[in-house]
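Comments concern the structure below.
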2 protein chains.
Amino acid sequence: MTTADDVMDVLVRTTFEVAGVLTRIAAEHDLSLTQLRLLGILRDRRARVTELAAYLGLDKSTLSGLIDRAQRRGLLARGKNPQDGRVVEVYMTPAGLELAERVEDDIRRALAPAVGRLDQEQFGPLVSLLDVVATRSPRTPAAPEEPTATR
Amino acid sequence: MTTADDVMDVLVRTTFEVAGVLTRIAAEHDLSLTQLRLLGILRDRRARVTELAAYLGLDKSTLSGLIDRAQRRGLLARGKNPQDGRVVEVYMTPAGLELAERVEDDIRRALAPAVGRLDQEQFGPLVSLLDVVATRSPRTPAAPEEPTATR
DNA sequence: TTGACATGGTTGGTATTACCAACCATCATG
DNA sequence: CATGATGGTTGGTAATACCAACCATGTCAA
């Protein structure tokens with residue numbers, strides 16, 4: 001019988017496995033895992049600092065440094081928000097977008113052997129199962145403390 | 001149609017989600033994610049420094065510091081190997097084992113809502129699918145394999 | 001209108017993580 | 001027994017991340 005504990009074990013194992021791959025590929029491009037996520041987020045849309053901090057579960061001050069260094073490298077830029085003078089909006093530069101694309105290619109290449117061990121008809125089931133697990137239900141009235149993984 | 005890219009996307013998303021949970025719970029016990037993994041490995045068996053470095057994909061010198069701090073906290077200890085005087089064997093103290101147990105409980109509690117969104121009959125399929133993905137084929141002598149972080 | 005408070009970011013300080021290079025001690029081999 | 005390989009530690013540096021304190025800007029009530 002497969003228990004919830006078994007599911008957790010394999011989830012944790014997979015997490016370390018995938019995180020290891022991501023860390024390695026990121027390092028090859030002189031990026032940390034956090035910077036990788038940052039680029040991943042900003043790839044799709046510009047975002048304000050607090051928003052990024054909430055999303056990543058990090059302190060605002062951590063973001064300041066992260067953005068500083070990425071900006072110094074020319075990967076992203078800070079812009080003003082005309083509606084609210086306090087807000088700093090962060091967005092990718094063309095160089096950042098280009099790097100993100102290269103990194104994504106490398107990640108897909110690195111994950112290919114692992115995913116390739118599955119039969120193609122297993123893709124669908126795995127995706128729907130993991131999607132259930134990974135998607136936080138928005139309706140969790142149980143714990144008023146801790147809405148997300150922030151502190 | 002579900003593609004390999006879709007699988008990768010959900011894998012990465014799940015990884016960040018689970019890693020976030022692990023990081024949060026670890027932090028609640030004043031542990032980093034790396035220390036968590038370290039305790040997870042040493043829970044089952046004692047190991048030498050180089051071995052740990054290989055498992056974790058870290059430099060030996062990083063392990064030195066990691067072990068130093070955990071030792072200072074009374075979580076683990078260094079022992080000698082009678083066969084080889086150069087070797088340092090690391091093992092958990094009772095306090096370390098106890099902490100590892102508490103942390104595991106908290107992790108299981110924290111992952112329960114996510115896993116609980118699955119039906120019980122989906123446990124088996126998910127575990128076997130993820131096991132395929134997370135288990136490096138022995139044909140690839142790239143890096144040493146990863147034991148489960150908890151338990 | 002103007003205080004008072006709230007919000008958004010940055011700065012400064014500290015601890016940890018992680019790397020590399022250099023090093024010492026111990027083994028293994030010619 | 002000299003030489004080299006292996007196992008760990010030390011020292012130096014950069015990045016990550018926290019907290020507390022701090023400005024600047026917005027908001028709201030008296």
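Labels below follow one simple rule: chain letters A, B, ... track the order of the sequence lines, proteins then strands, and each chain is numbered from 1.
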Mind listing the N/O atom pairs, protein and nucleotides 2-6 of chain D, below 3.5 Å?
residue, atom, partner, partner atom, Å
D/dT6, O2, B/R86, NH1, 2.8

Write down the protein N/O and nucleotide N/O pairs, taken from nucleotides 13-19 of chain C, whose separation is under 3.5 Å; answer none if there are no such pairs.
residue, atom, partner, partner atom, Å
C/dT17, OP1, B/S32, OG, 2.7
C/dT17, OP1, B/Q35, OE1, 3.3
C/dT17, OP2, B/R69, NE, 2.6
C/dT17, OP2, B/R69, NH2, 2.7
C/dA18, OP1, B/T34, OG1, 3.0
C/dA18, OP2, B/T34, OG1, 3.1
C/dC19, OP2, B/D59, N, 2.7
C/dC19, OP2, B/T62, OG1, 2.9

Worksheet item: Hey, which of these two, A/D68 or A/D84, hits DNA chain C nearer its 5' end, going by closest nucleotide?
Response: A/D84
Item to complete: To the nearest Å, give me how far apart CD (B/E28) and C1' (D/dC18) are.
Response: 15 Å
Fill in: Sidechain N-carboxylate O distance under 4.0 Å for B/D105, B/R108
no
Item to complete: Output all residues satisfying salt bridge (Lys or Arg N to Asp or Glu O under 4.0 Å) with A/R45, sequence neighbours left out; order by chain, then residue number.
Response: none
Item to complete: Before accepting this row, confirm whether a basic side-chain N of the pair B/R13/B/E17 lies closer than 4.0 Å to the acidic partner's carboxylate O.
Response: no
Practice prompt. Verify the cluster assignment for A/Y91 and A/L66: are they in a single hydrophobic cluster under the rule of side-chain heavy atoms below 4.5 Å apart?
Written response: no
Worksheet, complete the sentence: Rounded to whole Å, the CG-P distance (A/N81 to C/dT7) equals 17 Å
Worksheet item: When A/L31 is tested against each of A/L38, A/L22, A/L39, A/I25 for side-chain contact (heavy atoms from CB on, under 4.5 Å), which residue passes?
Response: A/L39
Item to complete: Starting at atom CD1 of A/I67, determine the distance to atom P of C/dG9, rounded to an integer number of angstrom.
Response: 8 Å
Practice prompt. Check whether any side-chain heavy atom of A/T50 lies under 4.5 Å from a side-chain heavy atom of A/K60, and answer yes or no.
Written response: yes
Worksheet entry | Side chain of B/S64 - closest among D/dT9, C/dT26, C/dG8 | D/dT9
Practice prompt. Specify the separation, in whole Å, of atom NZ of B/K80 and atom C1' of C/dT26.
Written response: 10 Å
Practice prompt. Identify the residue among B/L126, B/V10, B/T14 that makes a side-chain contact (heavy atoms from CB on, under 4.5 Å) with A/L129.
Written response: B/L126
Practice prompt. Return the value, rounded to whole Å, for the distance between atom CG of A/L36 and atom C1' of D/dA15.
Written response: 15 Å
Worksheet item: With a 4.5 Å limit on heavy-atom distance, are the side chains of A/L99 and A/R73 in contact?
Response: yes
Item to complete: Mind calculating the distance between CG (A/L63) and C1' (D/dC18) to the nearest angstrom?
Response: 13 Å
Worksheet item: If each of B/R48 and A/L33 is mapped to the nucleotide of DNA chain D with the nearest heavy atom, which maps nearer the 5' terminus, i.e. the 5' end?
Response: B/R48
Discussion item. Nearest 0.5 angstrom please: A/E89 CD to A/R46 CZ, how far?
Written reply: 5.0 Å
